[in-house]
Amino acid sequence: NAGVTQTPKFQVLKTGQSMTLQCAQDMNHNSMYWYRQDPGMGLRLIYYSASEGTTDKGEVPNGYNVSRLNKREFSLRLESAAPSQTSVYFCASSVRDSEQYFGPGTRLTVT
Amino acid sequence: SQQGEEDPQALSIQEGENATMNCSYKTSINNLQWYRQNSGRGLVHLILIRSNEREKHSGRLRVTLDTSKKSSSLLITASRAADTASYFCATDARGAQKLVFGQGTRLTINP
């Protein structure tokens, strides 16, 4: 089992460019999540999907969109990147009301 | 806003000593979880304690939960250099279907 995988690992964007972060899990989990982590901070929830076909906003959704493509995949899109979106992005998955499994993260820099 | 608040923000101890970290939260919860994050890596789940449990053990880890005080503690006994990491508590509020993370405690074990 690969667990939770994320692509790409690193990305540099110019202000205004768009990109999609990909996440996939092979644990048959219903719930998937996108977080961002800024230096010295904890994780802040951007969007989550409690089950296939549903998505909900988290604490910091502005500037992001998500797609739950199927049970395995949950993508995060930045339509027009801003320097404030420079961060490390983590995807996670879980069975409801249980522990979350995290991917290795994507380091995004917006210049 | 962050639900969990860890204390202290940073802790430095000698190898072999015990390390205690505390977490306080604001609302009623289903469960409280502790995670470890090594520098530059994704979070790894350590232990989950449910709201009807008061204490839980896993190897050298001991977690307590006091729902009347809305607080939890993580004790790592006989610390090792490999325990150097950031530790986060996360709460699963009732009905929320998502976790809210604190800002973490940075633990350094000195050889």
Side-chain angles (χ1 to χ4, degrees), chain A residues 2-7 9-10 21 23-25 27 29-52 54-61 66 68 74 87-108, chain B residues 1-10 21 23-53 56 58 61 63 85-108:
Chain A
V4 178
T5 56
Q6 292 182 235
T7 56
K9 286 187 168 54
F10 301 93
L21 283 66
C23 174
Q25 53 91 11
M27 295 173 283
H29 288 165
N30 287 322
S31 301
M32 297 186 73
Y33 312 83
W34 276 106
Y35 296 92
R36 61 178 287 174
Q37 184 178 33
D38 298 307
M41 301 286 288
L43 276 69
R44 291 185 293 170
L45 183 64
I46 305 171
Y47 270 94
Y48 66 104
S49 171
S51 61
E52 188 178 354
T54 69
T55 60
D56 287 285
K57 294 178 180 179
E59 182 185 355
V60 288
V66 291
R68 183 75 184 266
F74 189 36
S87 191
V88 181
Y89 291 84
F90 289 101
C91 177
S93 70
S94 75
V95 175
R96 184 174 172 172
D97 291 344
S98 188
E99 65 264 30
Q100 293 187 8
Y101 293 81
F102 283 81
T106 295
R107 292 185 177 277
L108 175 66
Chain B
S1 62
Q2 303 275 350
Q3 157 85 308
E5 298 283 341
E6 283 98 337
D7 172 61
Q9 289 189 344
M21 289 158 268
C23 171
S24 60
Y25 59 92
K26 296 175 184 173
T27 63
S28 295
I29 59 172
N30 282 327
N31 64 65
L32 185 144
Q33 304 179 29
W34 286 90
Y35 289 79
R36 183 187 71 224
Q37 183 180 36
N38 291 94
S39 182
R41 309 289 289 273
L43 276 70
V44 174
H45 179 261
L46 295 176
I47 199 163
L48 181 154
I49 186 165
R50 299 200 182 276
S51 60
N52 61 352
E53 298 175 309
K56 207 161 183 181
S58 176
L61 305 181
V63 168
S86 290
Y87 292 81
F88 296 91
C89 71
T91 50
D92 181 356
R94 286 183 185 162
Q97 297 184 31
K98 58 188 177 182
L99 291 178
V100 179
F101 285 81
Q103 295 190 357
T105 293
R106 292 187 306 279
L107 175 64
T108 303

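Reminder, nothing fancy here: chain letters follow the sequence lines and each chain counts from 1.
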### Query
Where on B/Ile47 is there a heavy atom nearer than 4.5 Å to chain A: the side chain, the backbone, both, or neither?
neither
### Query
Taking A/Gly58, A/Cys91, A/Ser94, A/Ser98 one by one, which has the highest count of heavy-atom pairs under 4.5 Å against chain B?
A/Ser98
## Note on the structure
What one should report as the nearest heavy-atom pair of B/Lys56 and B/Ile49 is N-CD1, 4.1 Å
### Query
Going by heavy atoms in the side chains, are A/Tyr35 and A/Gln100 under 4.5 Å from each other?
yes
#### Entry: Under 4.5 Å from a heavy atom of chain B, the part of A/Tyr101 involved
neither
## Note on the structure
Turns out that what part of B/Leu48 lies under 4.5 Å from chain A's heavy atoms comes down to side chain
### Message
So for A/Gln6, is it side chain, backbone, both, or neither that comes closer than 4.5 Å to the heavy atoms of chain B?
### Response
neither
### Task
May I ask you to test the B/Ser51-B/Asn30 pair for a side-chain heavy-atom distance under 4.5 Å?
no
#### Entry: Side chain / backbone / both / neither for B/Gln37 at chain A, heavy atoms under 4.5 Å
side chain
### Query
Given side chains that start at C-beta, do those of B/Glu6 and B/Met21 come closer than 4.5 Å, heavy atoms only?
no
### Query
Under 4.5 Å between any side-chain heavy atoms of B/Leu99 and A/Tyr33, yes or no?
no
